[in-house]
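Below is one structure; the comments refer to it alone.
Everything quoted here is computed from the prediction, not taken from an experiment. Each chain gets a letter, A, B and so on, in the order its sequence line appears, and its residues count up from 1.
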Amino acid sequence: MSTNVRVRFAPSPTGMLHIGGLRTALYNYLFAHHNKGKFILRIEDTDQNRYVEGAEEDIITSLKWAGMMYDEGPDAGGGAGPYRQSERSTLYKQYAEQLLKEGRAYYAFDTPEEIEAMRERLKTSENTNPKYDAVSRQHMTNSLTLSQDETTSRLDSGAPYVIRLKIEPGETVQFNDLIREAVSFRTDDLDDQVLMKSDGLPTYHLANVVDDHLMDISHVIRGEEWLSSAPKHILLYRYLGWEAPVMAHLPLIMSPAGGKLSKRNAEALGIPVNVRDYISGGYEPDALINFLAFLGWSPGDDRELFRMQELIEAFTLEDVSKSGAVFNIDKLTWYNEQYMRSRTNDTLVEALKAELLRSGITGYNDAYLDSVVELMKERVSKTSDMVTQGMFFFAPPTDYDEKATAKAWKTQTPLLLEEFLAEVEQLPAYTAVALKETLSQVVERNGVGFGKLMLPARIAITGTGGGPDLFETMELLGKDEVMNRVKTALKKV
RNA sequence: GCCGCGUUCGUCUAGGGGCCUAGGACGCCGCCCUUUCACGGCGGUAGCACGGGUUCGAAUCCCGUACGCGGUACCA
């Protein structure tokens with residue numbers, strides 16, 4: 001397991017890359033690198049109806065943003081391509097025919113309506129969802145019930161058909177999942193899965209098996225939602241005469257509201273489901289990766305902070321847990337803070353510039369932005385917060401925090417502020433130290449507490465009751481700006 | 001309904017028969033630092049789903065129950 005590891009991340013371009021998909025990709029990536037193997041990206045676009053424009057690009061950009069470059073893929077080349085299933089159609093047909101020839105599959109001509117009618121007919125309280133299987137297939141229109149001539153003539157006439165896997169009842173399919181150990185299913189519970197759809201394209205089940213074999217995939221690492229169909233895949237490998245890759249079914253990522261994380265039950269709770277939302281939300285890739293890695297995996301000791309390379313070294317599938325993990329956005333926030341604070345001011349300035357640009361704010365030099373970063377980095381969670389919470393560095397406050405104002409703005413406040421203003425006006429050197437000294441003097445002279453003046457000044461200048469050191473902020477903003485803001489506040493509050 | 005998988009603090013988890021009066025992290029609470037917000041430091045809160053076994057001994061092994069989740073498509 002140390003030289004020939006080849007794993008793949010095989011998303012289907014039916015939407016923007018899901019955060020759960022990113023974790024699946026991550027585990028594949030970590031496993032591949034830990035074992036000095038290859039990580040492959042394969043696009044599973046066999047469902048024409050669900051294809052979403054731009055989805056493939058989104059998957060690729062997201063993966064690259066997260067620092068997970070693949071060794072082979074649609075835009076990366078590789079010896080086992082093409083890496084888009086829509087470009088491999090003839091391959092699947094060929095293997096479906098092999099299965100047909102060997103009696104492992106058969107043609108079926110039933111319309112969706114006829115299948116639906118069959119289900120209605122067979123439905124009981126004991127069996128609410130009848131299958132197309134060894135029993136029901138005998139009453140349907142397929143090459144098993146039709147004469148050879150009839151089948152041939154239907155095929156020749158161009159009648160629509162699908163190819164279904166012929167499941168033999170009475171068997172048990174067992175396999176050893178790397179995460180769940182022995183898993184077994186009875187074939188009686190499996191249905192005659194459609195392998196080739198009437199549009200001539202394969203279903204996931206066939207395509208995935210054919211491609212994994214042809215691409216020499218050693219380990220299939222995917223979400224638990226595939227566990228139920230794994231026995232069909234095992235059977236397919238067996239019927240095709242191939243050795244099945246090792247399976248590892250990952251626990252699902254759950255919503256705090258219950259159920260698997262989906263747009264519906266997550267975004268209302270402030271949890272974005274698309275990776276692109278984390279990118280645009282100002283999250284650090286390292287933080288997201290670290291957080292995601294720990295959602296279902298643990299190194300077995302008390303360490304919490306792992307960068308990609310450290311994850312690669314520590315990661316094993318044996319340490320992946322079996323049960324679903326609830327997505328805890330507070331913990332992601334904590335990780336993000338850790339990584340953000342570990343960055344140099346220079347890179348943070350770049351991030352801040354990008355954020356400002358998105359808000360249409362320009363015209364600040366690097367020295368100014370560096371000071372903003374210095375003042376803000378310890379008290380925000382994401383780079384984007386430096387703009388949202390530090391807007392007062394770029395524009396005067398438009399309104400004043402009600403709670404803080406109610407608490408701090410008293411009748412004597414305007415008098416104190418005016419006195420402070422007058423002193424500041426006279427200041428020979430406008431610096432944070434001098435400003436603090438001045439404020440102290442005013443406060444002392446009036447026999448009131450420090451906060452009696454400091455807080456109102458803060459509200460007047462920044463609009464809020466909290467934030468970075470007020471005097472540093474005042475120095476950065478400049479004398480004129482500060483004077484104007486206080487005067488405005490005196491009128492407006 | 002049927003099939004499968006799972007179940008340790010609110011959440012992520014460590015734990016693989018005695019080291020566990022169950023450890024860490026997030027969150028929350030308190031204290032310290034700070035004449036402001038934070039950062040930081042220290043401390044606290046809280047958990048082995050339930051019932052039977054096996055064993056000298058069970059969070060750890062077995063069985064059952066409950067609950068949760070997934071699957072049950074010509075979607076992936």
Side-chain angles (χ1 to χ4, degrees), chain A residues 10-15 44-47 49-50 108 110-112 115-116 119 123-132 160-164 177 179-180 183-186 188-191 193-205 207-208 222-231 249 251-252 254 256 258-260 291 294-305 319 321-335 337 341 375-380 389 408 436 439-440 443-444 449-451 453-455 457-458 462 464-471 473:
Chain A
S12 85
T14 51
E44 310 232 325
D45 54 350
T46 52
D47 186 350
N49 303 320
R50 294 211 301 158
D110 318 275
T111 64
I115 295 170
E116 187 48 38
R119 292 213 168 96
K123 189 186 254 179
T124 63
S125 58
E126 296 286 271
N127 182 6
T128 60
N129 217 338
K131 301 181 294 294
Y132 199 115
Y161 67 89
V162 300
I163 297 174
R164 307 188 88 112
D177 187 284
I179 294 168
R180 284 149 218 292
V183 180
S184 67
F185 292 82
R186 269 173 291 124
D188 304 62
D189 297 318
L190 268 29
D191 63 350
Q193 189 58 242
V194 169
L195 264 21
M196 292 293 288
K197 298 179 281 186
S198 55
D199 63 3
L201 290 174
T203 57
Y204 169 84
H205 306 283
N208 137 272
R222 81 237 287 197
E224 193 187 353
E225 70 267 30
W226 294 108
L227 192 56
S228 304
S229 36
H249 289 90
L252 263 18
M254 318 289 286
K260 69 175 168 179
F291 169 72
F294 274 67
L295 226 43
W297 172 84
S298 141
D301 55 38
D302 289 344
R303 291 175 298 158
E304 299 279 341
L305 263 18
D319 289 327
S321 56
K322 298 172 169 65
S323 48
V326 175
F327 191 105
N328 181 190
I329 192 114
D330 286 338
K331 190 138 189 186
L332 170 60
T333 299
W334 177 77
Y335 273 115
E337 289 165 351
R341 284 166 200 153
L375 256 19
M376 294 300 283
K377 70 189 280 192
E378 294 295 310
R379 63 204 87 225
V380 294
Q389 289 176 36
K436 186 172 182 180
L439 190 136
S440 296
V443 154
E444 209 167 308
F450 192 77
L453 175 51
M454 202 287 301
L455 264 168
R458 182 186 281 288
T462 70
T464 70
D469 182 273
L470 180 61
F471 308 103
T473 303

Separation between the [atom1] atoms of [N] and [M], rounded to whole Å:
N     : M     : atom1 : answer
B:C12 : B:G17 : C1'   : 26 Å
B:A49 : B:G40 : C1'   : 39 Å
B:U72 : B:U55 : P     : 44 Å
B:A22 : B:C48 : C1'   : 8 Å
B:C61 : B:C75 : C1'   : 41 Å
B:G53 : B:C20 : C1'   : 23 Å
B:C28 : B:U11 : C1'   : 12 Å
B:G68 : B:A73 : P     : 23 Å

OP1 or OP2 of [N] less than 4.0 angstrom from a side-chain nitrogen or oxygen of [X], does that happen here?
X        : N     : answer
A:Arg164 : B:C74 : yes
A:Lys197 : B:C75 : yes
A:Ser125 : B:G1  : no

Minimum side-chain heavy-atom gap A:Pro468-A:Lys377 below 4.5 Å:
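Not in contact.
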
If you check the [X] side chain, which of [options] turns out closest?
X        : options             : result
A:Thr203 : B:A76, B:C26, B:A73 : B:A76
A:Tyr204 : B:U11, B:G71, B:A76 : B:A76
A:Asp330 : B:C26, B:A76, B:G1  : B:C26
A:Trp334 : B:A73, B:C74, B:C26 : B:C26
A:Glu378 : B:A76, B:G71, B:A38 : B:A38
A:Glu225 : B:C74, B:A76, B:A25 : B:A76

Could you give the [atom1]-to-[atom2] distance, from [X] to [N], as a whole number of Å?
X        : N     : atom1 : atom2 : result
A:Met254 : B:G10 : CE    : C1'   : 16 Å
A:Gln389 : B:C39 : CD    : C1'   : 14 Å
A:Lys377 : B:G40 : NZ    : P     : 13 Å

Set out, line by line, the N/O atom pairs under 3.5 Å between protein and nucleotides 5-8 of chain B.
residue	atom	partner	partner atom	Å
B:C5	O2'	A:Arg180	NH1	2.6
B:C5	O2'	A:Glu224	OE2	3.2

Toward the 5' end of RNA chain B, by each residue's nearest nucleotide, A:Glu126 or A:Glu304:
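So the residue in question is A:Glu126.
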
Would you mind telling me which residue lines up with the more 5' stretch of RNA chain B, A:Asp189 or A:Gly258, judged by nearest nucleotide?
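Checking each residue's closest nucleotide, the 5'-ward one belongs to A:Asp189.
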
A:Glu337: what forms a side-chain hydrogen bond (donor to acceptor under 3.5 Å, both in side chains) with it, not counting sequence neighbours?
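Testing A:Glu337 for side-chain hydrogen bond (donor to acceptor under 3.5 Å, both in side chains), a comparison that skips the adjacent residues, returns A:Ser381.
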
Where does the angle between the aromatic ring planes of A:Trp226 and A:His205 fall among parallel (under 30°), tilted (30 to 60°) and perpendicular (over 60°)?
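If you compare the ring of A:Trp226 with that of A:His205, the planes turn out perpendicular.
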
What is the nucleic acid contact for A:Gly467, judged by heavy atoms within less than 4.0 Å: base, sugar-phosphate only, or nothing?
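A:Gly467: base contact, heavy atoms under 4.0 Å.
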
With heavy atoms under 4.0 Å as the rule, sort A:Asp45 into base, sugar-phosphate or nothing.
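Nothing, no nucleic acid heavy atom in range.
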
Between A:Asp301 and A:Arg303, does at least one N-O distance fall below 4.0 Å, as a salt bridge requires?
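Here A:Asp301 pairs with A:Arg303 in a salt bridge, since their nearest N and O are under 4.0 Å apart.
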
